[in-house]
Amino acid sequence: MAFDKTSVKREVFSSRFAFIAAAIGMAVGTGNIWRFPRDVGAGGGGTFIIALVLANLVWAIPLLMSESLLGSRSRLGTIGAFRDFMGRRFAWMGGFMGVVTVGILFYYTVVCGWAIRYFVYAVSGRFSSGIDNQETQALWDGFVSSPAQTISFHVIAALLIGFVVLRGLKGGLEAVLKVTVPALFVILVMLAIRAMTLPGAGEGLRYLFVPEWSGFLDGQMWLGAFVQMAFSTGAGWGLYLTYSVYMRKKEDFALNSAIVVTGNHLASLLAGIAVICTVFAVQTPQYAEQAVSAGDQGLMFVYLAALFGQMPGGTWFFAPLFFLALVLAGLSSLISMMELAVRNVIDLGVGRRKAVVAIVLVTLVGGVPSALNLDVLSNQDNVWGVGLLISGLFAAIAMMRYGLERARRQLDETSDLRVGAWWKVLIGLFPLMFAVVFGWFMFLSVTDPSQTWYDPFQTFSIGTMVLQWGLLFIAMLLLNKFLARTVKRGPMSLDGDAASPVDQERKG
Amino acid sequence: MDAETLIWTLVLFGGTVLAVVVLSYVAWRRESGRADDGEP
């Protein structure tokens with residue numbers, strides 16, 4: 001069955017604003033709100049932010065542009081895009097990228113369930129005057145040790161997102177994200193302004209923004225910045241690739257990617273101001289240090305939750321607003337993850353309704369272990385979070401195989417910013433950057449005295465990562481022929497066994 | 001708030017806000033230009 005360009009009416013975003021809003025919603029997630037403030041604290045304030053800006057420029061923007069080209073030209077999800085850009089032997093790479101993100105979808109639905117639960121707590125006035133962090137710790141422990149609650153809210157999050165994705169692009173994703181993403185920014189601005197005007201907030205701003213120059217010589221800080229950037233921007237997840245399937249024909253690549261990355265960075269800074277300034281203003285510096293080193297969940301659900309009861313307007317206004325921001329950030333990212341999975345299933349010839357039902361059911365089952373056990377959730381976060389770096393490498397390799405100059409020309413053709421040799425250099429250097437970041441991460445894991453690095457049953461060991469990645473690699477390689485044959489044809493698909501546009505040209 | 005904190009807040013936070021505003025303005029101008037050319 002040949003691809004007939006005249007018979008396919010494509011769904012596309014109704015405007016550039018809609019595309020950018022959806023893409024920023026994809027990038028801004030719970031990590032911007034609970035992970036970024038902690039990473040800034042650990043990384044030396046302004047030092048970390050400067051390193052993060054650099055990481056955004058050399059890694060995130062070029063990679064998002066690559067993903068955008070993959071999606072917009074192939075008009076297929078991750079599997080079809082890799083098949084059509086690299087050749088039929090490489091469809092498994094798109095499968096790997098897709099499954100890694102689905103692995104994140106499973107536990108991220110649980111995390112969004114937590115956010116919804118705490119929003120419900122907040123609107124019912126749970127964080128009232130006089131509450132302390134012993135009480136909020138007990139509240140958190142009571143919640144996560146109750147399977148009925150964690151699974152119920154996991155189900156609510158999955159069904160909510162399933163309903164949005166079921167309604168398709170215009171009536172679902174776009175309609176929801178055009179409202180929720182601007183609303184999220186309005187809430188973050190309100191929270192940041194409130195936090196900055198609290199007496200004593202200046203100490204929080206100093207903690208956040210003033211650099212420690214010696215920090216630039218700290219390799220751990222650079223690693224933290226690159227890892228936070230890779231998790232936060234969504235570069236290499238395949239999510240931007242999926243949204244780019246619905247781009248207009250003559251859409252910009254470079255400026256949109258820059259706006260998404262900068263908008264995501266702004267959301268992080270606003271959340272950082274809201275969290276850090278509140279902690280420093282309401283409590284002692286010792287409490288603040290304790291709070292930011294208490295882990296993602298500790299900072300958010302124990303320490304910050306306790307502070308809402310101690311600030312004017314905290315119980316009924318700022319606590320609900322804050323947890324609403326967390327819900328919106330989580331759900332807007334979750335929508336893109338589910339759409340990635342659904343898009344790939346649709347490409348296999350299934351209708352949207354059946355695809356959504358299948359993915360929601362798989363998500364409900366796949367998320368249960370993480371809902372029942374925090375160690376499982378931490379393990380999955382680590383395994384697939386680091387796996388994203390491999391997915392990013394695959395996107396860069398796809399560009400190299402397709403031809404960096406050819407890709408650069410196509411990006412430059414419709415971009416509002418000049419895509420010059422800088423893009424080729426940065427994508428060409430990507431394997432080296434990957435080797436440094438990934439190698440460093442592995443070295444730290446091997447030398448971590450608290451872990452037996454080769455034990456596959458430890459939460460954060462290399463053994464558990466390699467085992468799960470290895471199983472996925474083998475499964476995808478075995479399925480490669482099936483995937484390459486079954487995924488429908490797009491405008492770039494070639495007839496017969498022609499391996500890729502590159503190979504066809506070489507054969508002449 | 002001391003001067004050092006104010007300067008770095010303006011540079012790192014203000015710079016990000018400025019970047020978002022400028023990039024969004026360029027995108028808006030380009031979109032307006034496309035509409036004027038009679039081309040979603």
Side-chain angles (χ1 to χ4, degrees), chain A residues 12-20 24 40 45-50 52-53 56-57 61 185 189 192 196 199-211 246-252 254-270 272-273 277 414-417, chain B:
Chain A
V12 294
F13 280 104
S14 65
S15 67
R16 187 172 187 170
F17 166 73
F19 174 77
I20 290 173
I24 289 178
V40 169
T47 317
F48 181 85
I49 293 175
I50 292 168
L52 192 61
V53 169
N56 279 330
L57 292 174
I61 291 176
F185 272 86
V189 167
M196 283 172 94
E203 274 311 301
L205 290 175
R206 163 170 276 279
Y207 184 83
L208 256 181
F209 290 117
V210 176
Y246 311 118
M247 272 171 116
R248 294 173 296 172
K249 202 177 287 181
K250 289 185 176 177
E251 186 61 278
D252 158 88
L255 184 55
N256 284 352
S257 300
I259 290 174
V260 169
V261 168
T262 318
N264 176 63
H265 186 62
L266 178 61
S268 292
L269 293 182
L270 288 169
I273 290 169
C277 288
T414 58
S415 282
D416 292 333
L417 297 177
Chain B
M1 192 191 314
D2 59 284
E4 188 185 29
T5 302
L6 181 63
I7 288 167
W8 279 107
T9 302
L10 285 174
V11 168
L12 294 176
F13 179 64
T16 304
V17 173
L18 187 65
V20 169
V21 169
V22 169
L23 292 172
S24 302
Y25 175 73
V26 172
W28 175 71
R29 284 300 302 262
R30 296 291 174 135
E31 285 305 292
S32 305
R34 280 178 186 149
D36 293 344
D37 292 342
E39 287 193 13

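Throughout, protein chains are lettered first and strands after them, A, B, ... in sequence-line order, and every chain is numbered starting at 1.
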How far apart are the closest heavy atoms of B:Leu12 and A:Ile50, and which atoms are they?
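That would be CD2-CG1, 3.9 Å.
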Please give me the minimum heavy-atom distance between B:Phe13 and A:Phe209, naming the atom from each residue.
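Result for this residue pair: CB-CZ, 3.8 Å.
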Which one, A:Leu417, A:Val53, A:Ile273, leads in non-hydrogen pairs under 4.5 Å with chain B?
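Looking at each of A:Leu417, A:Val53, A:Ile273 in turn, A:Ile273 comes out on top.
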Based on non-hydrogen pairs under 4.5 Å, which of A:Gly202, A:Ala258, A:Pro211, A:Gly200 is most in contact with chain B?
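Of A:Gly202, A:Ala258, A:Pro211, A:Gly200, A:Pro211 has the most heavy-atom pairs under 4.5 Å with chain B.
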Heavy-atom distance under 4.5 Å to chain B: side chain of A:Leu266, backbone, both or neither?
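Interface part for A:Leu266: both.
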Tell me, side chain or backbone of A:Ile259 under 4.5 Å from chain B's heavy atoms, or both, or neither?
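Looking at A:Ile259, backbone and side chain both touch chain B.
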Mind checking what makes ring pair (Phe, Tyr, Trp, His ring centres under 6.0 Å) contact with A:Phe19, not counting sequence neighbours?
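Here the qualifying residues are A:Phe13, A:Tyr240.
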Who among B:Asp2, B:Ile7, B:Val26 has the most heavy-atom pairs with chain A under 4.5 Å?
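Of the options given, most contacts go to B:Asp2.
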Within this structure, what is the CD-CG distance for the pair B:Glu31 and A:Asp252, rounded to the nearest 0.5 Å?
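B:Glu31 atom CD to A:Asp252 atom CG measures 8.5 Å (nearest 0.5 Å).
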Spacing of B:Thr5 atom OG1 and A:Leu208 atom CG [to the nearest 0.5 Å]:
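The OG1 atom of B:Thr5 sits 10.5 Å away from the CG atom of A:Leu208.
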